[in-house]
Amino acid sequence: MRAVGALILAAGGSTRFGEAKQFLVFDGQALLRRVVVAAQEGGCAPIAAVVGQEWERAGAELAGTGAHLVHNREWERGIGTSIRCGIKYLVRDAPSLEGAILLACDQPYVNGEVISRLIGERKKSGKTIVASHYAGTLGIPAFFGASWFGALCSLDDESGAKSLLQSHHGDMAHIEFEGGAVDIDTPDEYASLTSHEYNRRG
């Protein structure tokens, strides 16, 4: 199997949260750095982190990680613009990629083992899409083979990869990842998550 890249979506404005979620700390690391480390530990290379208005702060956070920052100047138009930026970067940087893992930085329980399982299921099943299954749905983190890069780049500005996952079940395998249901959208969710982590460690 050829190399698998990672595309990290980290350009959102976090309007519901009120501040940039990418830099919230969970288990001792900012969420953005945490997902980069997960991608590295899962065997992904290259790693493209798509960022928007927090370009400089993201660069400082990821210094020394080897991740490539991709600046999406059109981030306010929607998640589809970030997917397009990231895929185009990966294709230019590594044209022979087998595929890419699509990741968000607000799923704190994503780790290297989850990403390794996605890649392993790709090898086992031969499917060109491998999604994560949680809370009765299929979502990211997800592997997309290179044959889907064109479709990812053709998504509407406001559409994420969910539309592809919903309409191409025959091309897809999945792994179970219960922790994928946990994401951070509000300060209350973050407070609950960090309180739980503190209690677990204590």
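In E178, the CD atom is not crowded: 12 or fewer heavy atoms of neighbouring residues, nucleotides or ligands sit closer than 6.0 Å. Within a 6.0 Å sphere centred on NZ of K162, heavy atoms belonging to other residues, nucleotides or ligands number more than 12. Counting non-hydrogen atoms of other residues, nucleotides and ligands closer than 6.0 Å to CD of E176 gives a total above 12.
Atoms CG and OG, from L164 and S159 in turn, are 9.0 Å apart once rounded to the nearest 0.5 Å. Note that CE of M172 and OG of S167 are 8.0 Å apart. Values are rounded to the nearest 0.5 Å. Atom-to-atom distance recorded for L118:CG and E113:CD is 9.5 Å, nearest 0.5 angstrom. Atom CG of L165 sits about 4.5 Å away from atom CZ of F144, to the nearest 0.5 Å. To the nearest 0.5 Å, atoms SG (C105) and CD (Q22) are separated by 5.0 Å. Summarising the geometry, atom CG belonging to L62 is positioned 11.5 Å from atom NE2 belonging to H68; distances are rounded to the nearest 0.5 Å.
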Worked verdict on L7 versus L152 for side chain to side chain contact (heavy atoms under 4.5 Å, CB included): CA-CA 12 Å; L7 195 175; L152 287 167; over 6 Å; no

Verify side chain to side chain contact (heavy atoms under 4.5 Å, CB included) between W148 and D171, making sure each step is shown before the conclusion. CA-CA 11 Å; W148 292 99; D171 302 294; 3.7 Å; yes

Using side chain to side chain contact (heavy atoms under 4.5 Å, CB included), reason through V114 and I175 one step at a time and then give a plain yes or no. CA-CA 9 Å; V114 170; I175 65 166; 4.2 Å; yes

When you look at N111 and E41, which way does the side chain to side chain contact (heavy atoms under 4.5 Å, CB included) test go after all the steps? CA-CA 8 Å; N111 56 29; E41 292 179 346; 5.5 Å; no

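Looking at E98 and R122, a side-chain N of the basic residue comes within less than 4.0 Å of a carboxylate O on the acidic one, giving a salt bridge.
G170 approaches K127 most closely through the heavy-atom pair O-NZ, 2.9 Å. Residues C153 and K88 approach most closely at SG-CG, 4.1 Å, considering heavy atoms. Summarising the geometry of C44 relative to G5, their closest heavy-atom pair is SG-O, 3.8 Å, with the distance given to 0.1 Å. In plain terms, the two heavy atoms of L69 and A58 that are nearest each other are CD1-C, 4.0 Å. Across S125 and A173, no two heavy atoms sit closer than the pair OG-CB, 3.6 Å. Considering all non-hydrogen atoms of both residues, S82 and A11 come closest at OG-CB, 3.4 Å.
Y109 and L32 end up in the same hydrophobic cluster when Ile, Leu, Val, Met, Phe, Trp and Tyr side chains are linked at under 4.5 Å. Hydrophobic cluster membership differs between V110 and L138, with clusters built from Ile, Leu, Val, Met, Phe, Trp and Tyr side chains linked at under 4.5 angstrom. Hydrophobic clustering of Ile, Leu, Val, Met, Phe, Trp and Tyr side chains at less than 4.5 Å, counting indirect connections, keeps L102 apart from I184. If you chain together hydrophobic residues whose side chains sit under 4.5 Å apart, L9 and Y134 never meet in one group. At a threshold of 4.5 Å between side-chain heavy atoms, the hydrophobic network of Ile, Leu, Val, Met, Phe, Trp and Tyr places V51 and I8 in one connected group.
Ring orientation note: the planes of H174 and H133 are tilted relative to one another, at an angle of 30° to 60°.
Residues V182 and P108 form a side-chain contact, since some pair of their non-hydrogen atoms from C-beta on lies under 4.5 Å apart. Proximity of K21 to D185: side-chain heavy atoms (C-beta onward) are separated by under 4.5 Å at one or more points. Contact check for L97 versus P46: side-chain heavy atoms found under the 4.5 Å cut-off. By the 4.5 Å heavy-atom criterion applied to side chains, Q107 and V35 are not counted as neighbours. When side chains are defined from C-beta on, I47 counts as touching Q40, because their heavy atoms get closer than 4.5 Å.
H71 places no side-chain N or O within 3.5 Å of a backbone atom of V50 that could act as its donor or acceptor partner. Without hydrogens or angle criteria, Q53 side chain to W75 main chain gives no donor-acceptor distance under 3.5 Å. Proximity of a side-chain donor or acceptor of R34 to a complementary backbone N or O of V25 within less than 3.5 Å is not detected.
Remark: R57 qualifies as a cation-pi partner of F23 under the 6.0 Å distance and 45° angle criteria applied to the six-membered ring.
With 3.5 Å as the limit, one finds a donor-acceptor pair spanning the side chains of T81 and N72.
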